[in-house]
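For reference, the structure discussed in these notes is given below.
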Amino acid sequence: MTTAQVDDGGRYKWVALSNTTLGVLIATVDASIVIISLPAIFRGIGLDPLAPGNIGYLLWMILGYLLVSAVLVVVLGRLGDMFGRVRMYNMGFAIFAGASLALSLDPLRGGGGALWLIGFRIVQAVGGSMLTANSAAILTDAFPARQRGMALGINQITALAGQFLGLIAGGLLATIDWRAVFWVSVPIGIAGTVWSYRSLRETGARKPGRVDWIGNLTFTAGAGGLLAAITYGIQPYGGHPTGWTDPWVLGGLAAGVLLLVVFCFAETRVAEPMFRLALFRVRAFAAGNLAVLLTAIARGGLQFTLIIWLQGIWLPLRGYDFEQTPLWAGIFMLPLTVGFLLAGPLSGHLSDRFGARLFSTTGLVLVAASFVGLLALPVDFPYPAFAALLLVSGIGQGMFSAPNTSAIMGSVAPEHRGVASGMRSTFQNSGTALSIGLCFSLMIAGLAGSLPGTLEGGLRANGVPAGTAEQVAGLPPVSTLFATFLGDNPIGHLLGPSGVLATLPGHQVHILTGTAFFPTLVSGPFHHGLVTVFGAAAVMALIAALASALRGRRDTPAARRPGGDDCTIRTARTKDSKNGAQRTPRDGRPAGHHGPLHRGRRLPVPGA
């Protein structure tokens, strides 16, 4: 128990939980809030994101926040270890609030207005990364082991639920004013900043040291280049539906991988590395982070596929106007969030008593099963079955996230909790960013074969001239996907530049721009892409479940282990018959070489 907990009767830990939960909630809500509100935002600044040359604005509005979060969280977690986690967290709240205010005051229009928003979204992501990188470490410092899973469960499930609550909030606020999407973060950011500066205090171990400039530069450049190349790989190039043959994309991928290899080599040579590769020698830490990465990729693919499915096909078939589908898509996805909120805190609490492996592994098996169930649904599905599968997926992700986070954070020494939290967040955010490139690439691959012919035939059958129909059908599938994603009438948007709608009879225009024509036309090609995306996600969830199952077994929960402190693991030992050296039953290595913890005493992490 910390001194702070003794002084205030244990109240401080609840203050830390409530404040950090607010911080990660607003950070993750803002990560997804613009997805649903993009149509209103681009109309507000007078920019057509699907016009030639403008798709880059659209992609960076979606991905800029995620890319920065993926790259910076481990750096900021390490700085928290060095200079104080609460100090970094407080600064993050202030930066986040200031960037939110700047976003809501965008004075420009067109491309300039888009660049203003992208730039301050990146600044906002820096503040959000400071919040998420240090929140888990602050809670791990504040709570004893017997309550840590519950606290991290509430915190992490709130963060995951924020990604889906942002979809609903964006849809509601965009109907009022596009600037309201950013206004909402300003008072919350200011109040959270004042509250955190007044109430939070440093209770964990600090480890002063020097900044690892080589590690920071190579990791930031390598991860940033790799994720940016994946982002541009979604865009068409040279007559191909995607840009994976673009020399710049291939060069960015190669340079990113090379810099990350240099980073890994450098981190084994510096005295105070920012990314402690030695922590991966701890099996629970390595397995937990692998599961985090794969689950984040699968979850991101689920989120974007569901949005396109609901907005582009299912809701229009039920008579919803395309302009209304972003809001209703968020509402109909609520069972996923409900599952998070039900399972997360409960599984976190139970994992404090029974260990993380059972809950996290079972949760991932449920996630994989939900993907298989979604594959079996028809494109025009009955909602009760769809809602039940989303609920199962949410419960599974909730069962996984809280125990897994608790196991990761409890497997490292207190002085490394900031960097461990940042590393976990890096894998999670990188997985989300990778999921967008992977999801859209797989979906486009599934659409490219059958969509052009289906679209051209449907347009010609309803009076569109052959030349125009062929031109529209020849557009990259990404344009069609983004048209549904933005809540626009896809046919109206695709045919608008040609002016052909003004020359057709009224009844044909009504059919072409109605809510049934486009969904009926693309449902078959879309299902091909859906099978590809959800099949890949199910495989990743099963691999993550295997990694979780192999994390190792904790016979006695830490909270009930006699004399065990927050992250000390005691193991039974036997005598070697030849030399009397103590050995661990698990691997037979001499005591002191088993890992960072030994006989209740803290040993240095190798390479630290």
Is it the case that R269 places NZ or CZ above or below the six-membered ring of F265, under 6.0 angstrom from the centre and within 45 degrees of the axis?
->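 Output yes; distance and angle both within limits.
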Exercise: identify the closest heavy-atom pair between [X] and [Y]:
| X | Y | answer |
| --- | --- | --- |
| Q303 | S32 | NE2-CB, 4.3 Å |
| A420 | L279 | CB-CD1, 4.5 Å |
| P403 | A356 | O-CB, 3.3 Å |
| L22 | G192 | CD2-CA, 4.3 Å |
| A27 | L131 | CB-CD1, 4.4 Å |
| T305 | C439 | OG1-SG, 3.4 Å |

With the side chain counted from C-beta on, respond yes when [X] and [Y] share a heavy-atom pair under 4.5 Å apart, and no when they do not.
| X | Y | answer |
| --- | --- | --- |
| L38 | F42 | yes |
| V412 | V282 | no |
| L290 | F427 | no |
| L108 | D106 | yes |
| R87 | N134 | no |
| L390 | L306 | yes |
| L117 | L103 | yes |
| M423 | F280 | yes |

Counting distance only, does the side-chain N/O of [X] pair as donor-acceptor with the main-chain N or O of [Y] below 3.5 Å?
| X | Y | result |
| --- | --- | --- |
| S18 | V15 | yes |
| S401 | Q397 | no |
| R179 | S104 | yes |
| N289 | F285 | yes |
| T28 | L25 | yes |
| T295 | V292 | no |

Roughly how far, to the nearest 0.5 Å, is the [atom2] atom of [Y] from the [atom1] atom of [X]?
| X | Y | atom1 | atom2 | value |
| --- | --- | --- | --- | --- |
| S185 | I33 | OG | CD1 | 6.0 Å |
| R121 | L115 | CZ | CG | 15.0 Å |
| T20 | L200 | OG1 | CG | 7.5 Å |
| Q147 | K13 | CD | NZ | 3.5 Å |
| T132 | Q428 | OG1 | CD | 8.5 Å |
| S37 | L173 | OG | CG | 8.0 Å |

Pair R85-L139, side-chain contact (heavy atoms from CB on, under 4.5 Å): steps then yes or no | CA-CA 10 Å; R85 294 151 194 166; L139 290 179; over 6 Å; no
Can you list the residues that meet the side-chain hydrogen bond (donor to acceptor under 3.5 Å, both in side chains) rule with [X], with sequence neighbours excluded?
| X | value |
| --- | --- |
| S100 | Q124 |
| S196 | N90 |
| S135 | none |
| S69 | none |

Please assess V86 against R201 for the test side-chain contact (heavy atoms from CB on, under 4.5 Å), listing each intermediate value before the final yes or no.
-> CA-CA 6 Å; V86 169; R201 56 182 180 267; 5.8 Å; no
Have S360 and S548 got a donor and an acceptor in their side chains that come within less than 3.5 Å?
->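 Yes, a side-chain donor-acceptor pair sits under 3.5 Å.
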So, N404 and R551: side-chain donor and acceptor under 3.5 Å apart, yes or no?
-> yes
Listed by chain and number, what are the ring pair (Phe, Tyr, Trp, His ring centres under 6.0 Å) partners of Y57, not counting sequence neighbours?
->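 Checked Y57 against ring pair (Phe, Tyr, Trp, His ring centres under 6.0 Å); zero matches.
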When you look at M333 and I307, which way does the side-chain contact (heavy atoms from CB on, under 4.5 Å) test go after all the steps?
-> CA-CA 9 Å; M333 288 169 61; I307 291 173; 4.2 Å; yes
Aromatic contact, W60 with Y65 (centres under 6.0 Å) = no
Can you label the angle between the W14 ring and the F143 ring as parallel, tilted or perpendicular, going by 30° and 60°?
->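 W14 and F143: perpendicular rings.
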I214 and V262: CA distance, side-chain angles, deciding distance, side-chain contact (heavy atoms from CB on, under 4.5 Å) verdict = CA-CA 9 Å; I214 295 177; V262 173; 5.8 Å; no
Ring pair (Phe, Tyr, Trp, His ring centres under 6.0 Å): pairs with one or both residues in residues 88-131, sequence neighbours excluded =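 Listed by first then second residue: Y89-F93, W116-F120.
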